[in-house]
Asks: 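Pasting a structure below so you can have a look.
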Amino acid sequence: MSLKNDMEKVLISSEEIQVKVKELATTLSEEYKEEFPLLVCVLKGAMPFMSDLVKEMDIHLEMDFMDVSTYHGGTSSTGEVKIEKDLNTSVEGRDILIVEDIIDSGLTLAYLVDLLKYRKAKSVKIVTLLDKPTGRKNGLSADYSGFVIPHEFVVGYGLDYEEKYRNLPYVGVLKPSVYGG
Ligand code: 5GP
C-alpha cells in the first residue's frame, strides 16, 4: 500500500519543491559568495531540505547540525527549548544560516537566534522551506522562505506525524482517519 493513500491532499508537489529549492540556493549562493557560511540544520525535520539545498549551492560552505525539542503546554508551544544535540563548530565570528523546515509560532527559532548571537556569531539569518505566519507568537520572520502555507498540520519532506512520513518527497495533509479519527 502506498503512503499516498494516507494523504487527504498534496499541498506542494515534489517538482514544485525542487524548483523552489534551486531558486533559494541561487539566491543564497549570491548572498554568501564572499563568505564561508556555516549552515545549521535543525534536526530532524530540516534534513531533506538541507540535503537538497546544499547540493544546489555553488559556493564554499560548512554544515553542522543541531537538535532541539520544544516543550508543549497542551497543543501550543511554550517557547521553552531544550538542546538535545548541540553544534560541534564554534559560531564565534561566523556567518550563520539556520536551515529550518517550517516556522509556526516562531518560538523555537527565536530561542536559537538569541543563542547563536549570545555565542558571538557575526550574523544569523534564517532560511525556511515553509512558513505558517498565522501561527506566529512573536515578530520573527525568515530572511528567506520557500512557501507560505495555511494554518494546517502538514507532513512530508522532513515533517513528521509520530516520526512517520518524513521520507515523503512532497508536503501534504493527512486524512483524519490516520489520526484515528
Ligand atoms: P515553532 O515555530 O512553533 O516554534 O515550531 C516549529 C516546529 O514545530 C517545526 O520545526 C516542526 O517540528 C513543528 N511544526 C510546526 N508546524 C508543523 C506542521 O504543520 N507539521 C509538522 N509535522 N510539524 C510542525
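All residue numbers in this chain count up from 1 along the given sequence. Quantities reported herein were computed from a predicted structural model and do not represent experimental measurements. Note that ligands are numbered from 1 as they come in the structure, with each ligand's atoms numbered from 1 the same way.
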Asks: Using a 4.0 Å heavy-atom cut-off, say whether Glu100 meets ligand 1 through its side chain, its backbone, both or neither.
Replies: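 Just the side chain.
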Asks: Between Lys175 and Asp6 (salt bridge meaning N to carboxylate O under 4.0 Å), is one present in this structure?
Replies: no
Asks: Would you mind running through ligand 1 and noting each atom that sits below 4.0 Å from a heavy atom of Thr108?
Replies: 1 (P), 4 (O), 5 (O)
Asks: Tell me the nearest of Leu43, Val154, Leu159, Leu107 to atom 20 (N) of ligand 1, using heavy-atom distances.
Replies: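 Of the listed residues, Val154 has the closest heavy atom.
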Asks: Ser105 to ligand 1: N or O pair under 3.5 Å?
Replies: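 Yes: some nitrogen or oxygen of Ser105 is under 3.5 Å from one in ligand 1.
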Asks: For ligand 1 and Thr70, I'd like to know whether there is a polar contact (N/O to N/O, distance under 3.5 Å).
Replies: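 No - when backbone and side-chain N and O of Thr70 are compared with those of ligand 1, no distance drops under 3.5 Å.
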Asks: Write down the atom of Arg94, the atom of Phe36, and the distance for their closest heavy-atom approach.
Replies: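 That would be NH2-O, 2.8 Å.
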Asks: Does Leu109 approach ligand 1 within less than 4.0 angstrom via side chain, backbone, both or neither, non-hydrogen atoms only?
Replies: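 Contact part for Leu109 vs ligand 1: neither.
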Asks: Any N or O on Gly106 sitting closer than 3.5 Å to an N or O of ligand 1?
Replies: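 By distance alone, the answer is yes.
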Asks: What pair of heavy atoms forms the shortest contact from Met50 to Leu39, and how long is it?
Replies: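 Looks like CE-O, 3.5 Å.
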Asks: Which atoms of ligand 1 sit under 4.0 Å from any heavy atom of Glu152?
Replies: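 Here the atoms of ligand 1 in question are 19 (O).
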Asks: Which pair of non-hydrogen atoms, one from Glu56 and one from Ser29, has the smallest distance, and what is that distance?
Replies: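 So the two residues come closest at O-OG, 4.3 Å.
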Asks: Heavy-atom contacts with Lys132 under 4.0 Å: which atoms of ligand 1 show up? List them by number with element.
Replies: 16 (N), 17 (C), 18 (C), 19 (O)
Asks: Less than 4.0 angstrom from a charged side-chain N to a carboxylate O is my criterion; do Arg136 and Asp131 meet it?
Replies: yes
Asks: Measure across Thr108 and Val81 and return the closest heavy-atom pair with its distance rounded to 0.1 Å.
Replies: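 Looking at all heavy atoms of both residues, the shortest contact is CA-CG2, 4.1 Å.
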Asks: Report the C-alpha separation of Val21 and Phe49 in whole Å, then their side-chain angles, then the decisive distance to 0.1 Å, and conclude whether the side-chain contact (heavy atoms from CB on, under 4.5 Å) test is met.
Replies: CA-CA 8 Å; Val21 168; Phe49 179 39; 4.0 Å; yes
Asks: Hey, is Asp160 one of the residues with a heavy atom under 4.0 angstrom from ligand 1?
Replies: yes
